[in-house]
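A, B, ... follow the sequence lines: proteins, then strands. Residue 1 opens every chain.
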Amino acid sequence: MKELVEFLAKSLVDNPEEVVVDVIEGDKAQVLKLKVTSDDMGKVIGKQGRIAKAIRTIVKAAASKKGKKITVEIV
Amino acid sequence: MEEAVKEALKELRLENDEVEIEILEEASKGLFGFLGTKDAKVKVTEKVVPEKRAGRILQQIFSYMDLEVEINTSDCDDYIKIDLSGPDLGILIGRRGDTLDSLQYYINLSANKRAEKRVKFIIDVEGYRQRRQETLSRLALKLADKAKRKGRNVVLEPMNPHERRVIHTALQNHNEVFTYSEGEEPYRKIIISPKK
């Protein structure tokens, strides 16, 4: 799922080489922390968080297929 | 020369019409084929073709999701329709189509990135949008009937702009009711009201 989030972010930002996703494994859930440059923040969040919401929805769908619970945080 | 271009396309994973090619140096066979042979040098610049980029991004997403999806693209004048088909694609639709809407929104942004001319994409999965539209139109007529019968307003649940438009359109020429929307996105909803 890390690769998916990385890919989704890289296709939107101006500095794809600066996209980093850290995985934090919990007991039941996995947290993916997405980091981009400050210039690219708006490109992954969007007005009223619309882009972030779209990314989360796509990742949630992918995770549900694998029976996992995943949250995406943008840091 | 051709070989140099082919090589570059392979490395960039792009097709012919997605690049601009500039010849920097022609290849030379040299004298008698061995003195001073030179490889050709070309400069290949990516030119974003949104429909190609959209297809490629979708394919990549589906491979991460382990989904087998057939992608069909058709040009519909002012937008490009992308039809997805395959087994078990329910997860791409999501609840009331919210996954499909997210995917569509994401593709409209990512595929048009750095494009000179933006393209609007509409994505559908196994005819879901068409079916949903029919369901909504039927619902609209049924609720219009209820509003008329009871002589009071019928309030629908919140819907996105596209779905609201389907309802408004379905009842546009209705003789006994009129429709309007109330509230703020994303909770904006339609009211069907009997004409006095």
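Qualifying side chain to side chain contact (heavy atoms under 4.5 Å, CB included) partners for A/Ala62, counting only residues two or more places apart in sequence or in other chains: A/Met1, A/Leu4, B/Met65.
Considering CG of A/Leu8 and CG of B/Leu109, their distance stands at 11.5 Å, rounded to 0.5 Å. The distance from atom CD1 of A/Ile58 to atom CG of B/Leu100, rounded to the nearest 0.5 Å, is 10.0 Å.
The same ILVMFWY cluster, assembled from side-chain heavy atoms under 4.5 Å apart, contains both B/Ile91 and B/Ile61. Linking Ile, Leu, Val, Met, Phe, Trp and Tyr whenever their side-chain heavy atoms come within less than 4.5 Å leaves B/Ile122 and B/Leu103 in two separate clusters. Hydrophobic clustering places A/Val44 together with A/Ile70 (ILVMFWY residues linked when any side-chain heavy atoms are closer than 4.5 Å, directly or through intermediates). The hydrophobic clustering, which links ILVMFWY residues whose side-chain heavy atoms are closer than 4.5 Å, places A/Phe7 and A/Leu32 together. A continuous path of ILVMFWY side-chain contacts below 4.5 Å connects A/Val59 to B/Ile123, so both sit in one hydrophobic cluster.
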For chain A and chain B, what donor-acceptor pairs lie under 3.5 Å, backbone included?
unit_1	atom_1	unit_2	atom_2	d
A/Leu8	O	B/Tyr106	OH	2.6
A/Ser11	O	B/Arg53	NH2	3.1
A/Leu12	O	B/Lys113	NZ	3.3
A/Asp14	OD1	B/Lys113	NZ	2.7
A/Thr57	OG1	B/Ser102	OG	3.4
A/Lys65	NZ	B/Met65	O	3.3
A/Lys65	NZ	B/Asp66	O	2.9
A/Lys66	NZ	B/Tyr64	O	3.2
A/Lys66	NZ	B/Asp66	OD2	3.4

